[in-house]
Number of protein chains: 2
Amino acid sequence: MNDLTNWLEKHLLQLNLVNEMDYENGFSRLSYTPEEEQAHEAFRTIAKNLGLHIYADEAGNQWATWKVDEHAPTVAVGSHLDTVHGGGGYDGVAGVLTGLGAIKLLQDLNVEPKKNIAVICFASEESARYGVSTIGSKAISGILDKNDLEHVTDADGVTIRDSIEAFGLSWDTIDQAEKSPDDLESFLELHIEQGTQIEDNDAEIGIVRGVACPIRLQVNVKGMANHTGTTPMNKRSDAFVAIAPLIPFVEEQANAMNKEQELPIVATVSTVHLQPNAMNVIPGDVQLGIDIRSVNDQSKRELANRIEAYCQQIERERNVSISIETLVDNDSVFLDQDIQAKLAHVTNDLQLQSIIMDSGAGHDVMNMAQRWPSGLLFIPCREGISHHPKEYASIEDLHKGTHVIAEYLRIETGDDSEDEDWRNRA
Amino acid sequence: MNDLTNWLEKHLLQLNLVNEMDYENGFSRLSYTPEEEQAHEAFRTIAKNLGLHIYADEAGNQWATWKVDEHAPTVAVGSHLDTVHGGGGYDGVAGVLTGLGAIKLLQDLNVEPKKNIAVICFASEESARYGVSTIGSKAISGILDKNDLEHVTDADGVTIRDSIEAFGLSWDTIDQAEKSPDDLESFLELHIEQGTQIEDNDAEIGIVRGVACPIRLQVNVKGMANHTGTTPMNKRSDAFVAIAPLIPFVEEQANAMNKEQELPIVATVSTVHLQPNAMNVIPGDVQLGIDIRSVNDQSKRELANRIEAYCQQIERERNVSISIETLVDNDSVFLDQDIQAKLAHVTNDLQLQSIIMDSGAGHDVMNMAQRWPSGLLFIPCREGISHHPKEYASIEDLHKGTHVIAEYLRIETGDDSEDEDWRNRA
């Protein structure tokens, strides 16, 4: 066991391109940047040392395959290595690391899989740079809409096309990363939970049933900019003061709905843009961004409706006009029940406490599940903190996750030995 | 009269560097930019055509003086030519234009002043670029604190020192623009009202008694950034939802105070900065900027105290910490009573309806009043709209303002003819 612990510790640092994990400003490897590419390079180095076959597809996804039989099916695991700005070193990395670690473990135990095993490192999972998430896994799953992306730019005005070409890819062929249903048999992702349900239930592993996709609204409020010093209180059309009550309203409504239903809903006013945002000018225009999530799709839409009705009330009472754009509204994704059952069996065999749970965050597996039977495993992260320099998962939990993946892969790829024997070998 | 109307129309365009006044995106001549310098160049051209003596001081203020006697005192009028981003073509320009127009009118009427008359075009009045206002008039009045300014930068990170040097000035000598009390006898500024008190009172001219200086607060709220999808509603420390009720609170309190006191107070939450301001992250840090104005200094401070108490209440009820910085807190400035009386006399003589009023906006005259007897005249602007492309003052109102300044200057500079005679000549 010590051997695997050391291996995980060492390669956690290597994938994060650091010598220690404790960084005040966290990790910043935004989508399709040289920093993401450096992490991909580290991935390829580790995979080569495990004797895996390396290949990068047209969308920049990295594949490392333990090829045992070119006529046999391929079982895939994996996650991503890009991060938000100032994020942690576990979101994404945990899934790539434990996928590689599982292969290392199977090899050390002389397991002889009868199917090929691929570890995928998906490109550009985070939406931090472009407001668009999971680009690599969308391409693999054949659901990337290039037309939607064509004119998207980052905060510096760089288009996604230009950054992809600077990354060494061709915009014109990015959708050729698509794999046919026959190319893979199944997919499993491991990710840090980014919440505290596992910890709250005194468990060690989360087996995910459904992934809550967000509804995202942009509320545009139009008032009238004017001088703060010379415009009397009763002659104003202040867009910010008009819309401000919506912010606690969203929280109140989510709390009220949580009292009435079993499946939780979360809702956040997470972005604001004021025009002109100057000390001596009354806010003339405000945009609020609202993120609503639940695997109960009906309750998501009910909350969006309540927000719309509340905005109409504000419009009637205040001298402003309000429009609402729905930026995203996708149904929740439910994962493969057979894989969930197998993961429950494996964790039970390994004497690990698991819970069945839902995911409030989106992951690459959402896209993979559109085409292949797919599963999602969570390991705990301290206090649920993520997308933050304080994000942390213990080596012990990474170790447990690696074991669950390895045992799952062993069964999935047809090793005949009894579970009991294998555990003894481990 | 037609002659003066044409002159004002033509030179309004010239000072704004345009061929027509109607621009959808307004005017952008930020402090110490080439655009401000181009307007200064237009000012010098017009002044030269009136035979005035031109001179630029160490802070970039432009002076145009009708020199009649180097041993006689100098009476000054003026305003500024810089604008906010996307502002109007009258804020500042009106005062420079009518000052020059008054000289043109006095010359046409063959008035022979016994004192020198200076029109000052102050540099860098607006705070839009650096968050610091009235730099030129502070320098003239000897109240410019260079140490405070040294490290101030604009949105692009350009320091005020670098932009001043790029403007052709020397940072090291900028404070030598200071004039001694003997250099001027008095100062009068004309400005658009940027409000609707004149219009609301069916008047034509506002004679200003006091200028309300703002209290400006920055409210810093610290919560905890976390994932919007995975953090349950009851485990959050959302800085934005915690502080949001302060926004309507500020408005409610200002409205309540206006019911209890004669001198009006205005208060605005005019700026917001969210960290990280990303769709999938709960706001961890929020900064709100609040601007409070009244010539009743006590009520300004009372409102600031109520805001502080309310923030303490939020801190007790919510899992956030709040600190408040006072960015600005100056006493109101009261203008010279003799000049107010003279302006009332002049408007009465010219059969113009005037009102005595206070100014909610700061102007260069605030600084000049620290050293010289000073006055402030307002002309109406349409619907009180200012700092906006729709800002508009009519040529008729500019014409009336020019006449008030000319008549005031005529009396101030010792023309002996009877008022009646002069009006007949006009």
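Throughout, a chain's letter reflects where its sequence line sits, starting with A, and its residues are numbered from 1.
- Side-chain contact, A:Ser127 with A:Ser133: no donor N or O sits under 3.5 Å from an acceptor N or O.
- Your options are B:Ala361, B:Ala212, B:Gly195, and the one with the most heavy-atom pairs under 4.5 Å with chain A is B:Ala361.
- Options B:Leu327, B:Val84, B:Val286, B:Ile290 differ in how many heavy-atom pairs under 4.5 Å they form with chain A, and the most are formed by B:Ile290.
- Across every non-hydrogen atom of B:Val320 and B:Gly223, the tightest pair is CG1-CA, 4.0 Å.
- Within 6.0 Å of atom CD in B:Glu317, more than 12 heavy atoms from other residues, nucleotides or ligands are found, so the atom counts as buried in its surroundings.
- Heavy-atom pairs under 4.5 Å with chain B peak, among A:Thr231, A:Ile385, A:Leu246, A:Asn258, at A:Ile385.
- Residue contact with chain B, scored on non-hydrogen atoms closer than 4.5 Å, involves the backbone and the side chain of A:Asn226 alike.
- There is no contact between B:Pro214 and chain A, counting heavy-atom distances below 4.5 Å.
- Of the listed residues (A:Ser294, A:Ala278, A:Ala128, A:Pro232), the greatest number of heavy-atom pairs within a distance under 4.5 Å of chain B belongs to A:Ala278.
- In summary, the side chains of A:His80 and A:Asp91 do present a donor paired with an acceptor at a separation below 3.5 Å, with no hydrogens or angles considered.
- Contact annotation for A:Gln197: neither backbone nor side-chain heavy atoms come within less than 4.5 Å of a heavy atom of chain B.
- The closest side-chain donor-acceptor pair between B:Glu391 and B:Ser386 falls under 3.5 angstrom.
- Looking at B:Asn280, both its backbone and its side chain come within 4.5 Å of chain A, counting heavy atoms on both sides.
- Looking at B:Ile192, there are no atoms closer than 4.5 Å to chain A (heavy atoms on both sides), in backbone or side chain.
- With 3.5 Å as the limit, one finds a donor-acceptor pair spanning the side chains of B:Gln218 and B:Asn220.
- If you tally non-hydrogen atom pairs under 4.5 Å between each of B:Arg318, B:Glu193, B:His85 and chain A, the highest count goes to B:Arg318.
- Aromatic ring centres of A:His363 and A:Phe378 lie closer together than 6.0 Å.
- Of the listed residues (A:Glu126, A:Arg236, A:His273), the greatest number of heavy-atom pairs within a distance under 4.5 Å of chain B belongs to A:Arg236.
- Of the listed residues (A:Arg293, A:Met279, A:His387), the greatest number of heavy-atom pairs within a distance under 4.5 Å of chain B belongs to A:Met279.
- B:Ala225 and B:Val281 get closest at one heavy-atom pair: CB-CG1, 3.9 Å.
- If you measure heavy-atom distances from B:Ala267 to chain A, the contacts under 4.5 Å come from the backbone alone.
- Chain B forms the most heavy-atom pairs under 4.5 Å with one residue out of A:Asp238, A:Asp200, A:Ile292, and that residue is A:Asp200.
- For B:Thr230 and A:Gln194, the side-chain atoms include no donor-acceptor pair closer than 3.5 Å.
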